[in-house]
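The analysis underlying the following values was restricted to heavy atoms, covering all of them including side chains, and did not include hydrogens, waters or symmetry mates. Every chain is numbered from 1, with letters handed out A, B, ... down the list of sequences.
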There are 2 protein chains.
Amino acid sequence: MGVTIKDVAKAAGVAPSTVSRVIADHPRISASTKKRVKKAMKEMGYHPNANARSLANKSSQSIGVVMPAGADKALQNPFFPEVLRGISSIAHKMDYSLLLNTGESTEEILEGVQRMVNSNRTDGIILLYSQLNDPVVNFLLEHDFPFVVIGKPYERIDEITHVDNDNVRGGKEITEHLIKQGHERIAFIGGSTDLVVTVDRMKGYQLALEEAGLPFLDEYRIHEEFLESGGQQAVNELFALPEPPTGLVVTDDLMSIGVVSMLEKCGKLVPEDISLVSFNNVYLSEITRPPLTTVDIKIYELGLQGAKCLIEKVKNKSEPAKRIIIPYQIEYRASTKEREVPFYK
Amino acid sequence: MGVTIKDVAKAAGVAPSTVSRVIADHPRISASTKKRVKKAMKEMGYHPNANARSLANKSSQSIGVVMPAGADKALQNPFFPEVLRGISSIAHKMDYSLLLNTGESTEEILEGVQRMVNSNRTDGIILLYSQLNDPVVNFLLEHDFPFVVIGKPYERIDEITHVDNDNVRGGKEITEHLIKQGHERIAFIGGSTDLVVTVDRMKGYQLALEEAGLPFLDEYRIHEEFLESGGQQAVNELFALPEPPTGLVVTDDLMSIGVVSMLEKCGKLVPEDISLVSFNNVYLSEITRPPLTTVDIKIYELGLQGAKCLIEKVKNKSEPAKRIIIPYQIEYRASTKEREVPFYK
DNA sequence: CTCTGTTATGAAAACGTTATCTTTATTGTA
DNA sequence: TACAATAAAGATAACGTTTTCATAACAGAG
């Protein structure tokens with residue numbers, strides 16, 4: 001079972017090496033034998049064995065994709081399938097396979113990555129997240145293994161090729177949108193502060209507030225894992241404040257949906273009672289009620305460029321570390337509203 | 001670069017074959033040499049080369065995961081990351097890698113699968129969808145290649161191992177919930193009828209109607225790809241009917257969110273004006289407004305069992321085709337409401 | 001003591017490619 | 001016409017494992 005290069009060679013009356021050269025489209029092969037060999041390959045239904053190739057080549061033609069550790073709901077974020085689509089588009093074009101790695105814990109993830117790398121199963125790795133003190137990044141750096149991160153690395157940023165948005169500016173701009181609409185008390189609801197993306201978006205939020213001379217209050221910042229059920233309480237607290245916010249910056253569309261629904265439980269409507277802006281522009285944010293004003297970070301493009309950089313890096317190990325910033329684009333939809341200024345003002 | 005089995009052998013003063021036996025935990029190896037070899041492996045930082053193993057073994061220890069063709073939004077369904085999680089959990093446990101295949105078109109998918117199979121990159125394949133006349137299924141059957149489908153195969157059902165829910169019964173039961181609440185005009189909104197899952201759920205819907213003596217009307221069935229923007233019009237038409245429905249069965253949570261929001265545009269509130277039930281119980285359906293009454297199909301479990309069956313099949317090629325039905329569980333939430341019977345009745 | 005049978009190892013042949021040398025034809029040049 | 005240069009193809013050695021077959025050591029049986 002399985003026709004090999006030798007079989008083809010015999011059938012075409014040439015040496016295996018010649019067949020190999022035909023496969024590789026080597027220049028010094030006569031048109032006639034090339035044709036003959038190709039014919040034999042087709043007739044016999046020959047397909048090169050990838051493992052043998054990888055062994056001889058020391059290259060697996062596959063790239064490892066690492067998802068963050070998420071024992072639960074966190075991975076249900078449509079962000080992931082969408083980056084995967086972007087990555088896949090390039091991988092397919094360049095004839096690379098995709099090796100997927102997930103895990104329930106950081107240790108599991110690390111272990112998986114180590115296996116991929118040590119066993120020569122993959123030529124390069126693409127990280128779909130970036131967090132504080134990531135052992136995976138350290139491992140890859142130590143081993144001088146080609147990788148790129150989607151997002152901004154936490155440290156050694158100049159040594160790590162990454163594809164990111166300008167989340168600080170995005171955060172600033174989207175907050176400014178709220179400010180322009182007359183909002184003065186704007187709260188921030190974000191994911192874990194271990195995630196670089198959360199920190200960046202919050203920085204932008206802070207910057208906008210400061211420039212506008214608005215207060216940047218601790219009570220206005222919530223870093224719950226909103227995907228967990230604890231969110232309701234946090235929202236309650238926010239509105240128990242003497243001066244509750246009228247605007248909300250939320251770092252993720254999925255999270256926003258949860259927030260909108262919690263707000264409603266508190267009797268607050270978006271955008272009538274409170275305005276909300278968000279990030280990612282996942283398909284969801286368009287069909288939800290209200291459609292969200294959100295920073296479109298071009299997820300597909302992030303994946304695509306990430307894969308592209310990685311493949312470049314794999315092909316040329318001395319390729320210098322790059323940073324690629326994908327321009328975001330704000331989608332203005334219906335989740336914000338001009339603030340009605342109290343008449344006595 | 002890279003310490004090989006030979007290096008270890010030399011260091012431990014044994015033959016490569018002995019090292020190999022130690023790795024495989026062969027019984028006929030003395031405790032002393034086993035210890036010695038293991039020590040050498042550890043000291044030298046030895047890791048077996050997966051490609052070489054695969055070549056010698058004729059087994060790649062990896063399974064291919066095939067996502068449906070979706071050029072666009074369709075893949076943003078959180079269903080996918082969640083099945084992946086389930087698959088991954090088992091794969092990890094059994095030391096299998098995951099090879100991911102996506103594509104924009106059916107041809108691209110098929111091509112990818114053929115490459116995986118022909119090149120010996122994968123030991124088995126798991127399909128994350130099931131549709132009418134799938135060339136991928138045909139290819140795999142023809143080549144007698146181990147695979148399982150998540151969902152119900154369109155044909156040759158007894159020859160194909162698959163993991164599914166009883167979608168007919170689920171569809172029936174959830175529709176009955178609506179009926180019990182007094183709804184008599186119930187419409188169905190589903191994805192493509194090329195998808196077996198759509199057809200099954202609709203069958204259940206139909207069954208429930210018939211048993212209750214309610215009409216099963218063509219005008220009450222919409223098979224738009226709701227993920228595309230055309231949905232609004234379909235909903236409009238539904239409510240332009242002389243007798244518009246008061247209940248809605250929608251085949252997917254993501255789609256439901258779109259529907260709820262379209263309904264609102266038509267001035268209809270869920271559940272006040274119209275009740276809606278759905279399928280999947282994706283995390284989203286819990287945090288949306290209103291939280292959806294939905295059939296929890298246990299996505300994680302589907303993936304997990306699928307992977308388990310596949311690995312069994314890979315290990316034992318003569319394993320007979322199985323069908324595994326994962327019990328669903330209806331989550332009663334707030335998207336339906338007792339129908340107020342008009343007083344004259 | 002020899003002979004047979006285990007038990008623990010080693011030697012060497014796969015596995016299916018690619019890549020490095022050779023070798024053999026085929027030119028072109030003096 | 002002879003000789004170097006080039007083009008096309010073959011032989012063969014990697015690549016790093018596993019596995020089959022062979023063998024040495026040693027125990028137990030007669």
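For dT19(D), one of the phosphate oxygens OP1 or OP2 lies less than 4.0 angstrom from a side-chain nitrogen or oxygen of Asn57(B). The phosphate of dG16(D) has OP1 or OP2 within less than 4.0 Å of a side-chain N or O from Lys58(A). Remark: Arg53(B) is not in phosphate contact with dG16(D), judged by side-chain N or O atoms under 4.0 Å from OP1 or OP2.
Distance Asn51(A) CG to dT18(D) P: 13 Å, rounded to the nearest Å. Note: NZ (Lys6(A)) to P (dT18(C)) measures 13 Å, nearest angstrom. Atom C1' of nucleotide dT17(C) and atom CD of Gln61(A) are separated by 14 Å, given to the nearest angstrom. Atoms CG (Asn120(A)) and C1' (dT18(C)) sit 16 Å apart, rounded to a whole Å. For the pair Asp7(B) CG and dA14(D) C1', the computed distance is 15 Å after rounding to whole Å. Atom CG in Asn49(B) sits about 6 Å away from atom C1' in dG16(D), given to the nearest Å. At whole-Å resolution of the value, CD1 in Ile5(B) and C1' in dA11(C) are 14 Å apart. Rounded to whole Å, atom P of dG16(D) lies 12 Å from atom CG of Leu55(B).
With a 4.5 Å cut-off on side-chain heavy atoms, Arg53(B) and Asn49(B) do not count as touching. Between Ile125(A) and Ile63(A) the shortest side-chain heavy-atom distance does not fall below 4.5 Å. In this structure, Tyr96(B) and Ser60(B) have side chains that are not in contact, with every pair of non-hydrogen atoms separated by 4.5 Å or more. The shortest distance between side-chain heavy atoms of Pro78(B) and Phe80(A) does not fall below 4.5 Å.
The pair Asp123(A)-Lys315(A) does not count as a salt bridge, with every side-chain nitrogen at least 4.0 angstrom from each carboxylate oxygen. No salt bridge links Glu312(B) with Lys308(B); every basic N to acidic carboxylate O contact stays at or beyond 4.0 Å.
Comparing the start and finish of the helix from dC1(C)-dG30(D) to dA30(C)-dT1(D), five pairs each, the helix axis swings through 60°, to the nearest 10 degrees.
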> Could you walk me through whether His162(B) and Val148(B) pass the side chain to side chain contact (heavy atoms under 4.5 Å, CB included) check?
Replying inline: CA-CA 5 Å; His162(B) 58 283; Val148(B) 319; 6.0 Å; no

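Within the 3.5 Å criterion, the main-chain N or O of Arg121(B) finds a donor-acceptor partner in the side chain of Ser62(B).
Scanning both residues, Val83(B) and Ile299(B), for their nearest heavy atoms gives N-CG2, 3.5 Å.
A heavy atom lying under 4.0 Å from DNA chain C marks the following residues of residues 16-48 of chain A, by number: Ser17(A), Ser20(A), Arg21(A), Tyr46(A), His47(A), Pro48(A).
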